[in-house]
Protein chains: 2
Amino acid sequence: MSTIESANMDPGASGIRAILRGSGLRPTRQRMALGRILFGKGNRHISAEELHDEARDRQVAVSLATVYNTLHQFTEVGLLREVVVDGSKTYFDTNTDDHHHFFIEDDNEVVDIPKGQMGVDQVPTAPPGYEITRVDVVVRLRRIKD
Amino acid sequence: MSTIESANMDPGASGIRAILRGSGLRPTRQRMALGRILFGKGNRHISAEELHDEARDRQVAVSLATVYNTLHQFTEVGLLREVVVDGSKTYFDTNTDDHHHFFIEDDNEVVDIPKGQMGVDQVPTAPPGYEITRVDVVVRLRRIKD
DNA sequence: CTGTGTGCAAACTCTTTGCATAAGT
DNA sequence: ACTTATGCAAAGAGTTTGCACACAG
């Protein structure tokens, strides 16, 4: 368990405000609170439900609909990235860099694959008339039981 | 590996029956009909809804619940493979070989990437205690509009 | 003030489930 | 017959939508 909670990442309230302003989003109470949860401590892979629960745990009253709205707005302005690993839930990644994921099937957890540890050697040519928007790689993992 | 040989030829009713028997599934009217749709003409990437519609179009009465049951049973015995490309729908691929996919975002279509046109050069080492079950690559495409 | 954001509940989509009926062997 | 499969409708999860009220600028 990596507990790197050194303040190297936490932008603080004013930082979040700046991020939102810079993205053209009004810094409302809810967006500020969700922003702090999302960007307050390193990279996260979180679902709407999880974010909602976490907000509640922090005594922040935010409706689930607002959580969805906020996640989508953040994604639109490039603060988040959607990760598709599982047909049933949508995960949002605070790391918007080009990178890939491990997906731990046992507990539905998404983990970044360290950059440089994985590569795609031949990106295929897109069929005529199409362009590649992204290449997603998901390495599925299962816990070894013995 | 019981991959269906000659994937581009219609196995015919007797062929489907043999496939089902070989997988330990009773060849019921519904499974036979769905099997023919699925394996009758080359590789397919189909959702439950699409398969249901197609069955209806062929005058085959099958309930949606049975379509889901059948798709999952076929997947369990290795006749199909689930493809995760989109958070909202589940697609089933009649090609169970190791291969990757294009996903055309404009019309939610899944297409196989020709074998050899794409490769993953370094499969990352799985974290200790875990084993890799599969590596999925999805190349997302958008239609070029000009 | 004025417009954007939020909360709530209801609606929606995709998928699963429970149980009585039907069909396979 | 005996067992497994199917159909239906209802329930379930995750997500979205519509509209009145609240809040930021």
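A quick note: this is a predicted structure, and the numbers were derived from the prediction, not measured. Letters A, B, ... are given to chains in the order of the sequence lines, protein chains preceding strands, and every chain is numbered from 1.
- Side-chain N or O atoms of H52(B) include none that pairs as donor or acceptor with a backbone N or O of E50(B) at under 3.5 Å.
- Counting to the nearest Å, the P atom of dC8(D) and the CZ atom of R56(B) are 14 Å from each other.
- Between R29(B) and the phosphate of dT6(D), there is no side-chain N or O to OP1/OP2 separation shorter than 4.0 Å.
- Counting heavy atoms from C-beta outward, I144(B) and R142(B) have side chains that stay 4.5 Å or more apart.
- An OP1 or OP2 oxygen of dT6(C) is reached within less than 4.0 angstrom by a side-chain nitrogen or oxygen of T28(A).
- Proximity of H72(A) to the phosphate of dT16(D): a side-chain N or O atom is located under 4.0 Å from OP1 or OP2.
- Among the protein residues, T90(B) comes within range of the sugar-phosphate backbone only, with heavy atoms under 4.0 Å from sugar or phosphate atoms but none that close to a base.
- A salt bridge links R44(B) with E54(B): at least one charged nitrogen is closer than 4.0 Å to a carboxylate oxygen.
- In this structure, T66(A) does not reach the dG5(C) phosphate: none of its side-chain N or O atoms is under 4.0 Å from OP1 or OP2.
- Protein atom CG of N108(B) is 15 Å distant from nucleotide atom P of dT13(C), rounded to whole Å.
- A donor and an acceptor atom, one from each side chain of D112(B) and H100(B), are nowhere located under 3.5 Å apart.
- Residue R17(A) is classed as having no contact, given no heavy-atom separation below 4.0 Å to the nucleic acid.
- Shortest non-hydrogen contact noted between H101(B) and D93(B) is NE2-OD2, 2.8 Å.
- Minimum atom distance to the side chain of S63(B) is reached by dC8(D), of the listed dT6(C), dC8(D), dC23(D).
- Positionally, the nearest nucleotide of DNA chain C for A65(B) lies more toward the 5' end than for the other of A65(B) and L25(B).
- In this structure, NE2 of H52(B) is placed 13 Å from C1' of dC14(C), rounded to the nearest angstrom.
- One can place CG of D86(B) at 13 Å from C1' of dG14(D), the figure rounded to the nearest angstrom.
- A salt bridge links R81(A) to D136(A): at least one charged side-chain nitrogen sits closer than 4.0 Å to a carboxylate oxygen.
- In this structure, CD of Q73(B) is placed 6 Å from P of dA5(D), rounded to the nearest angstrom.
- Among the nucleotides dG14(D), dT6(C), dT25(C), the one closest to the side chain of E49(A) is dG14(D).
- Atom pair K89(B):NZ and dG14(D):C1' shows a separation of 16 Å (rounding to whole Å applied).
- Counting to the nearest Å, the C1' atom of dT16(D) and the CG atom of L64(A) are 10 Å from each other.
- Distance CG (L20(B)) to C1' (dT25(C)): 15 Å, rounded to an integer number of Å.
- When the nucleotides dT6(D), dT25(C), dT17(C) are ranked by their closest atom to the side chain of Q30(B), dT6(D) comes out on top.
- In this structure, R26(A) does not reach the dT2(C) phosphate: none of its side-chain N or O atoms is under 4.0 Å from OP1 or OP2.
- Closest to the side chain of P27(B), from the set dG24(C), dC8(D), dT6(C), is dG24(C).
- Side-chain nitrogen and oxygen atoms of Y68(A) include none within less than 4.0 Å of the OP1 or OP2 phosphate oxygen of dT16(D).
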